[in-house]
Structure formats: structure tokens, C-alpha cells
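Report on the structure given below.
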Amino acid sequence: MRPMRLDRYLGLCDLGTRKEIKALIKAGRIRVDGALPRGPEDKVEPDAVQATLDGEPLLFRPVAAVLLYKPAGYLSATEDRGGPTVMELLDDALRKRAVFPVGRLDKDTTGVLILTDDGEGGHALLSPKSHVEKAYVAQINRRIGKEHMDAFARGVELSDFTAMPALLEPLPDRDGAHYARVTLHEGKFHQVKRMFAAQGRKVLALHRERFGSLTLDPGMKPGDWRYLTREEWSALRVEAGLPPWPEEV
Ligand code: URA
């Protein structure tokens, strides 16, 4: 990675705004490889330095990408448009970084939601051209049969477009309720619900269990989130047809 200004580097260690960072440097609380920096405009080699705040090593995170277990009742948006948004579930450092949700899940949908400040990666994952797989488990009002599986495999016709072929698999009933898994390569508004509706089925609950190679961790609960590792984010970027890591961060 190319050399960058110290204040930018420290911003990517989630130390706050340029003003806050300048004050920390001035107060002598920051060291770079053990030495006091001259000022915010010092140049650092991001891959080769270790900065500290009050002696505590800082974690340099050039890209923020997060896996959130979206609970029901939250909007997949950055601004409040009539309800709590998923941003409220994150912390201040992530909100300051201006992460955005990669696609929308409906307010009542639960499961895997990715948020990132990597605009290139996020937008590529959203692009209909990238065809990244998304898998959903739907609770439906009535069982499905072979005719529905065939219809999904052919591509369900909706009022404004024909969905791309999708895999529909019946799942075992639980407590008298009926379930099916749908695996799609696109993500239009209300798509899963509309595909079922076109086949005479109503979705009673919807959960996204996978986005590309990414699933929830065992033990994660609704509202939990964690940073993706560099490897996980790189794998998703590659699935979306991009190089593993952004050139400019
Ligand atoms: N399809 C839907 O209908 N809703 C979602 O939230 C996601 C996919």
C-alpha cells in the first residue's frame, strides 16, 4: 500500500475526525514505531508501521466490512425513513466511517446483511451483473410441489420482469409450519415474496442465510455484528468480479 498522511492513517485506525486526531498528535499521545510524530502531515507506510495511542497498539483497518445478523423491525438504510435503521445496531466508529448496507432486506426480513465503506466492493456485489448467490429460507402458508420448483427453475414471470432461474427446495415442516429454501442470483425489491406470490404462496417470514460465501456464525443472535476478515471481504470482492482488494483505500 502506498504511503499516506499520518492523519489519514489514524482515521483508518478509527481514531476519529482529522481535528480530533490532530489534537491527539499535539498532545503527544500518538507514537509511530515508538517515536513522536512531527505532525498530522507526516507520511507513513501503512503496511510497515505500528502506531500507538497512549502506548496501546492501534489496529489499521483500511476497509470496514461488517456482517450483521439483521433482526426484524429494522430498515436496511442509512437514514431514518420512518423506523429504526440497521445503523443503530452498529457502533460510533462504523457510523463515522459511513458504511452502507449492501442491498436491502425488507423491514421484517432477518439474517445476513453486509455493510461496508468499500464503495467499489459494495456496489459490485449489488450489481445485477455480478450474480452473487443469495440463499433465503421462507416460511410459507402452504407446501410447495414439483410444479413450483420447475417454475422457479425456469424463471418466474412477474408483472415487470422475469426473474432469473432460481433454485427452490422444500424443507421439512416445523411445528406445523411450511418452509422452503430459495437460492437467487439477483436481488430486486421484494423479489422472493413476489416470486412466491406469483406461485400462489404467501411468505410469512423470510430469513437470508447466505450472501455469496458468507453465512452467519454459529451462536450469532439477531442484532449481533462483527468485522469481516480481510480474507472474507476479498473472497466476496472476487465473487463480484473484482480484484481481491481495492487499489485505493
Ligand atoms: N426478497 C424479499 O422479498 N424480501 C427481502 O427482504 C429479500 C429478498
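All ligand and atom numbering here is 1-based and tracks the order in the structure. We number each residue from 1, following the sequence as shown. It should be emphasised that the depicted structure is a prediction, and the values quoted were computed from it without experimental measurement.
The side chain to side chain donor-acceptor pair (under 3.5 Å) test applied to Asp118 returns Trp233, Arg237, not counting sequence neighbours. Legend: residues meeting side chain to side chain donor-acceptor pair (under 3.5 Å) with Asp91, ordered by chain and number and at least two apart, are absent. For His190, the side chain to side chain donor-acceptor pair (under 3.5 Å) criterion is met by Asp106, not counting sequence neighbours.
Ring geometry for Phe196 versus Phe152: interplanar angle of 30 to 60°, hence tilted.
In this structure, His123 has its ring center closer than 6.0 angstrom to the ring center of Phe100.
Near ligand 1, residues Leu105, Asp106, Thr109, Tyr136, His190, Gln191, Val192, Lys193, Leu206 each place a heavy atom inside the 4.0 Å sphere around the ligand atoms.
Tracing side-chain contacts under 4.5 Å through hydrophobic residues (I, L, V, M, F, W, Y), one never reaches Leu242 starting from Leu115; they form parts of separate clusters.
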